[in-house]
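Some notes on the structure that comes next.
In what follows, residues are counted from 1 in the order of the sequence shown.
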Amino acid sequence: MTDSKIVNEHPDWDVYDDFTGVEPPRALHDPTLPVTLYDTLVPLDHEEQYVPNHLDADGTVHFFAAVDVSNEPDGDDLAHELRYFRAAQTDDGRLVHDAHPVMPLDSRGDYSFPRQTLETMLMDGDLDNAQELAYQTAQSHGLAFPEPEALPPLNTGVDYAFEVGVGDDGDPTLEAVKRWRDGAQEHEARQPIAQYGMSEEAARDQAELAEVRETRGLEAAMNLAESMAVSSGALHDGRDDPRFFTDGPPDPFSTNAERDRALDEETQRLTPVEPDAAVVAFEERFADSAYHLLQPVDPTVNYSFEVMPADPWTLELTADKWWLEANGHVGHEGQMLKTYSLESYEWEREIEREVAAMDRENLHRTYQDEGLETAMRRAEGIAVANGELNANRADGRLFTDGPTDRFTTAREAELTGLKDPQVGEPIRDITNDETAEMPGVRVPDADEPELGSWDELVAQQRDRVEPESDPHYWQMHYRAVETPEGEPLGTALFVTEFPQLPPDFDEYIEANGMDDSVYPTEARTLEMAHFANEDDARKFETEFRSYLVPGLLDGPELAPEVAKLEGLSGEWEDMDYRGIVAYMSGDRTVVREADDWHLHNPNTEREAREQFENPQPDLEL
């Protein structure tokens, strides 16, 4: 996990200015955002300091940042406010974002609880709990933060609709509507289709357009709407701009006017670009880019080798593939080759930059001297050597998207040369193998534990041969139990395990104290036994711990079996973030039905032993 304090603790780190190996990525600016987003959506604040964040699978970056609200009309006397931001860059280049208030701050650098916990959760990828904690915090401050379950996804698309309205003269109208989001604002464009004498006529055409869209798609519906608009005079057939909507992002459909102007109507939207024009299109799109295509430029598919900053303390060497999509957009796929760490002294960082630049230069030199295939095979070898690519992958390609590559990888050549794929190793026959291990013979032990005793239970746990998971920090604790009517039942003994914390966590807390950076977000608990009071529970805990052997038999291993002996389920229950907060805050009252209360019988072990030693004979009547 990346520590969000790393950059702050090293003021001598100039986040991007001291990077001289290659051009830095272009920045995405929006005056309504408190950060600057780079091509990889890495947020840096106004002081060029890294802001902890989480980039989800949909390409949306999530982060918390302080906002100056002193000049806002409803800001009251607040100086700053912590807000939860979501931002994404759409395929057409728009930067879309929204924000929700979390808590007031005294200053931009105010790190009151739970700000650091929220940032740590994002860095750990725990987005759900971060949103839940932000919601609870906002509620406690009286701020409007939507419930996480009701939080709508960030709208990065473009929506189209056909709507009936009323014109300036009061007559019914039918319009095509286009809606999109840009920055934090919602926008719309309207194109009149026709005006009617009766609303029923407008509704009939609206229903027809909706049916065409449902059965034949958006383009067919928009082409029909365009024809209606031309027939009604709302749109001119020979207009200079052949588009249906002239505002907003590019539309995902072609108009009748656009096709009429094409040289070959048979190819419609998929008219191939002439080779020379494709080369020009590549060169224009990469004129101001941080990526540099290998020369000469190919009209179909191109490649590049670049060193780019993934964040202020990491550089990445990548091989990238580029092509033109049918809609004119640039397609891209990248393959990580190697990473370079800048988390060190300045002179060491400079050496890492030089090494990265040299590795990139060597790939370029190989391409110039020996050609594309040799250069790409060398890149493939670098990726395999650094664990970024599986040497034995079933798909031998370096890139899996876009047009067919102009080279063959070493793995593809290897797979092509294999006559029979290796499905699996043959089963070894050890029937006559003198080294084959003979089955063990069990000899009764005079000291064998008695049936039904704790010693037998512990022995069964110690004799298990399956490997155990790594040990974690765990605790035993008591909770007062009462019925739904409020009648006290006694005390329940619980075992709680924290898989994110090491076994020696108590020693860490004694030495360093508790802070947000070590606050657990995962835990599971098990109800082990019921007692009349807490004193009885403590005696039971002492006896329970006497059977444990650290590293061999720990509490979480033995607890489920003990719970079953006590008449309980012995099942672990996962704790959500609210449960962990309640546990940490001491809110431990448990509600149980009286029928579910199984009071511990201290004579259980003795009675089981007596039943084993003095079995009752069967009586025949």
Side-chain angles (χ1 to χ4, degrees), residues 30 32 88-98 152-271 273 325-330:
D30 188 317
T32 62
Q89 188 176 23
T90 64
D91 293 339
D92 51 61
R94 288 174 291 130
L95 180 60
V96 176
H97 58 86
D98 64 3
L154 188 61
N155 182 17
T156 59
V158 181
D159 300 319
Y160 298 88
F162 300 106
E163 297 181 356
V164 174
V166 178
D168 295 337
D169 56 1
D171 290 335
T173 61
L174 179 61
E175 295 179 322
V177 185
K178 172 182 178 179
R179 295 185 175 91
W180 70 95
R181 188 180 183 90
D182 197 351
Q185 300 296 321
E186 300 289 347
H187 301 270
E188 74 172 24
R190 291 180 173 268
Q191 171 59 52
I193 297 176
Q195 193 166 0
Y196 303 85
M198 299 179 63
S199 59
E200 290 80 3
E201 296 175 344
R204 184 171 58 250
D205 284 353
Q206 180 191 30
E208 181 182 1
L209 289 169
E211 181 181 1
V212 170
R213 180 175 182 178
E214 178 69 24
T215 57
R216 298 169 52 195
L218 176 64
E219 181 169 90
M222 285 298 176
N223 290 167
L224 177 58
E226 180 186 3
S227 299
M228 291 179 177
V230 171
S231 298
S232 68
L235 201 62
H236 193 272
D237 191 16
R239 58 192 184 276
D240 293 335
D241 192 333
R243 295 175 297 168
F244 194 52
F245 294 103
T246 57
D247 293 330
D251 296 309
F253 57 85
S254 297
T255 65
N256 297 324
E258 288 173 327
R259 281 193 297 273
D260 288 343
R261 296 188 184 187
L263 296 177
D264 187 358
E265 294 185 0
E266 294 296 327
T267 58
Q268 296 185 10
R269 290 175 298 122
L270 300 179
T271 301
V273 181
E325 301 278 12
N327 59 10
H329 294 165
V330 175

Distance from [X] atom [atom1] to [Y] atom [atom2], nearest 0.5 Å?
X	Y	atom1	atom2	result
Gln185	Trp180	CD	CH2	12.5 Å
Glu219	Asp251	CD	CG	10.5 Å
Met228	Leu209	CE	CG	4.5 Å
Phe245	Phe253	CZ	CZ	6.0 Å
Asp159	Glu188	CG	CD	11.5 Å
Leu95	Thr90	CG	OG1	8.5 Å

Notebook entry, point to check: Do Asp171 and Val166 pass the side chain to side chain contact (heavy atoms under 4.5 Å, CB included) test, and can you show the C-alpha distance, the side-chain angles, and the key distance before you say yes or no?
Noted result: CA-CA 6 Å; Asp171 290 335; Val166 178; over 6 Å; no

Any donor-acceptor pair under 3.5 Å linking the side chain of [X] with the backbone of [Y]?
X	Y	answer
Glu175	Val164	no
Lys178	Phe244	no
Ser232	Ile193	yes
Glu163	Val177	no
Glu258	Thr255	yes
Asp182	Ala184	no
Arg179	Val158	no
Arg94	Arg181	yes

Margin query: Evaluate Tyr160 against Leu218 for side chain to side chain contact (heavy atoms under 4.5 Å, CB included), listing each step before the verdict.
Written below: CA-CA 8 Å; Tyr160 298 88; Leu218 176 64; 3.7 Å; yes

Shortest non-hydrogen separation from [X] to [Y] and the atoms involved:
X	Y	result
Ala202	Pro172	CB-CB, 4.4 Å
Ala189	Asp247	CB-CB, 4.3 Å
Pro250	Asp92	CD-CB, 3.8 Å

Notebook entry, point to check: Passes side chain to side chain contact (heavy atoms under 4.5 Å, CB included), Leu224 versus Arg216? Steps please.
Noted result: CA-CA 11 Å; Leu224 177 58; Arg216 298 169 52 195; over 6 Å; no

Notebook entry, point to check: Any side-chain donor-acceptor pair under 3.5 Å between Asp30 and His97?
Noted result: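 Yes, a side-chain donor-acceptor pair sits under 3.5 Å.
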
Check: Tell me, which pairs form a salt bridge (Lys or Arg N to Asp or Glu O under 4.0 Å) where one or both residues lie in residues 191-215, sequence neighbours left out?
Finding: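 Sorted result for residues 191-215: empty, none.
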
Notebook entry, point to check: Among all residues two or more places apart in sequence or in another chain, which pass the side chain to side chain contact (heavy atoms under 4.5 Å, CB included) test with Asn256?
Noted result: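 Asn256 satisfies side chain to side chain contact (heavy atoms under 4.5 Å, CB included) with Asn223, Glu226, Ser227, Arg259 only.
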
Margin query: My understanding is that only residues two or more places apart in sequence, or in another chain, count here; which of them pass salt bridge (charged side-chain N to carboxylate O under 4.0 Å, His left out) with Arg243?
Written below: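 Scan of Arg243 (salt bridge (charged side-chain N to carboxylate O under 4.0 Å, His left out), adjacent residues dropped) gives Asp241.
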
